[in-house]
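First comes the structure, then the notes that go with it.
Order of appearance sets the numbers: ligands from 1, and atoms from 1 within every ligand. If you read the sequence from its start, that first residue is 1, and numbering goes on from there.
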Amino acid sequence: MEFAKLNIMPEILKALKEEAYINPTDIQSQAIPLILQGNDILGSAQTGTGKTAAFAVPILQLLSETKVHERGIKALILTPTRELAIQIYESFKNYGKYTRIRSVAVYGGVSQKPQEAALRRGVDVLIATPGRLMDLMNQKIISLKNVQILTLDEADRMLDMGFIHDVRRIISSVPEQRQTLFFSATLPPIVAEIAGRILKDPVKVDVIPDQLAVELIDQSLYYVEKADKRALLLHLLKDTDMESVLVFSRTKYGADRIVKELRRNGIDALAIHGDKSQGARQTALSDFKKGKIRVLVATDIAARGLDINDLSHVINFDLPEISESYVHRIGRTGRAGKFGKAISFCTSDEKKLLSSIERLCGNTVTVVSGHPFEPLFAKSSQKIEGRARVKDFSIGRRRS
Ligand code: AMP
């Protein structure tokens, strides 16, 4: 199916064409017509499935179709992280560049002044993280009384990250008479409860994630002592095929230490985590995307939902505590039909985490033996040769 069949207005179609979007992704072909018809949506989709355009395109169109056009926040998109707010803002700007709709993003970690100035210039769509939005509401700089469409993006993550009180207050400041769009990768009880209260006769949109991305990822595992992890990382980075490497650290402190060690050894690296200033986070991400730095070291929170192209390798310096994060992390490589590699380090303490990841994925990950930092405890572990495949688990990711 082509976008043109979805009754999208020419101004937006033209912009989508310039983005080289020819065919809508699953979530787009399902959600766009439903949203255009005014339905509330309970969408189950992860970042990477084309979800942003699935709500941005119909929102831009619905707001463009109103006859009388006065500025004021008519659509509010709540999202958990600053980077996602910026990413969504950029999507609105791109898809809406031939419409008269103006979008503004507000998020914490940076001065409020430029955001205030942007709001004063006029806004139709506001993309916000909850904390900064609450600040601006408390200062009476923002009013939500004209909001017609409310979107909660990454709802499970958002509620997970302790925003629940802010989110409830924000929702109660938006008129009851509105259209509500709710996107969440999973539906834990808290999300289902909030969804049940705020959505009216929602239409459920489920995207069955395609398996392509994960099947294209070559996964391997290195057993290692904790004290040798950084040395092992340096050893692996001698491989020049590792052009662009995203390293996951469990802690912010750990991420900083990894970066220090890499830089000491002449490898360009930056960290991205919750304690970094927003400016530093943006610089790190854009330098990494542009290929100015070879390694980006991230914690799960900072890396969530980021859309990074051309990532050759993901390294789990520490295995994630939550098994699902493993699939989300490795799904950042192997995109757009490219072959990606995911390498995980595992200490004897992390074997429990490995077992639950393998249980979740329904397979075992290839263990690399004979490397210079192979610990004694690994000698007793079973070695499996060959390429690991994830058959029954997938992450939603769709690109043309
Ligand atoms: P999202 O899930 O919104 O973060 O989108 C993931 C990636 O898919 C982004 O890089 C988008 O630019 C891209 N994308 C979204 N929709 C399409 C489409 N219909 N065709 C091609 N690429 C798309």
Side-chain angles (χ1 to χ4, degrees), residues 1-9 12-33 35-36 41 43-61 75 77-97 103 105 125 127 151-158 181-186 205-210 212-214 216 244 246 285-286 288-290 302-311 327-338 340 394-400:
M1 192 213 277
E2 295 206 352
F3 271 111
K5 303 237 166 74
L6 293 177
N7 285 330
I8 295 170
M9 60 200 288
I12 299 177
L13 271 185
K14 185 174 170 197
L16 293 177
K17 207 167 162 198
E18 286 175 16
E19 293 290 308
Y21 294 5
I22 310 298
N23 300 308
T25 65
D26 281 356
I27 184 93
Q28 290 162 2
S29 56
Q30 289 185 54
I32 291 173
I35 299 173
L36 286 176
I41 296 284
S44 162
Q46 290 158 350
T47 297
T49 53
K51 177 183 55 148
T52 316
F55 62 78
V57 166
I59 288 175
L60 285 164
Q61 179 150 337
I77 291 97
L78 281 180
T79 190
T81 68
R82 301 158 187 178
E83 283 79 7
L84 273 171
I86 296 167
Q87 224 166 263
I88 295 171
Y89 164 71
E90 276 161 6
S91 299
F92 266 90
K93 228 171 56 180
N94 290 338
Y95 309 150
K97 67 174 160 200
S103 307
V125 176
I127 299 114
T151 305
L152 248 79
D153 182 40
E154 306 248 332
D156 51 346
R157 309 280 176 232
M158 189 137 65
L181 316 175
F182 211 93
F183 289 93
S184 189
T186 54
V205 179
D206 268 315
V207 178
I208 300 161
D210 60 323
L212 194 78
V214 172
L216 280 169
S244 143
L246 178 60
L285 187 61
S286 88
F288 187 61
K289 284 185 176 180
K290 286 185 203 142
R304 186 157 284 159
L306 295 181
D307 182 32
I308 303 168
N309 290 328
D310 297 330
L311 190 60
V327 184
H328 292 184
R329 287 176 177 191
I330 70 167
R332 309 214 162 273
T333 180
R335 303 180 69 173
K338 289 185 187 146
S394 56
I395 180 169
R397 224 173 257 304
R398 180 168 287 257
R399 327 189 103 216
S400 66

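Short contacts between ligand 1 and Phe3, defined as distances under 4.0 Å to a heavy atom of the residue, involve ligand atoms 19 (N). Residue Thr52 approaches ligand 1 through these ligand atoms, each under 4.0 Å from one of its heavy atoms: 1 (P), 3 (O), 4 (O).
Residue Ile22 places no heavy atom under 4.0 Å from ligand 1.
In this view, Glu18 and Lys97, Tyr98 satisfy the side-chain hydrogen bond (donor to acceptor under 3.5 Å, both in side chains) rule, not counting sequence neighbours.
Checking only distances, Gln87 never comes within under 3.5 Å of ligand 1, N or O to N or O. For the pair Lys51 and ligand 1, the shortest N or O to N or O distance falls below 3.5 Å. Any N or O atom pair closer than 3.5 Å counts here, and Pro24 shares no such pair with ligand 1.
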Could you check Val57 against Gln28 for side chain to side chain contact (heavy atoms under 4.5 Å, CB included), going step by step and ending with a plain yes or no? CA-CA 9 Å; Val57 166; Gln28 290 162 2; over 6 Å; no
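Heavy atoms of Gln28 found under 4.0 angstrom from ligand 1 belong exclusively to the side chain. Residue Asn23 touches ligand 1 through its backbone alone, judged by heavy-atom distances below 4.0 Å.
Between Phe55 and Phe183, the two ring planes are tilted [angle within 30° to 60°].
Atom OG1 in Thr52 sits 10.0 Å away from atom CD1 in Ile127 (nearest 0.5 Å).
In this structure, the side chains of Lys51 and Asp153 come closer than 4.5 Å at one or more pairs of heavy atoms.
Under a 3.5 Å cut-off, the side chain of Gln61 and the backbone N or O of Asn7 do form a donor-acceptor pair.
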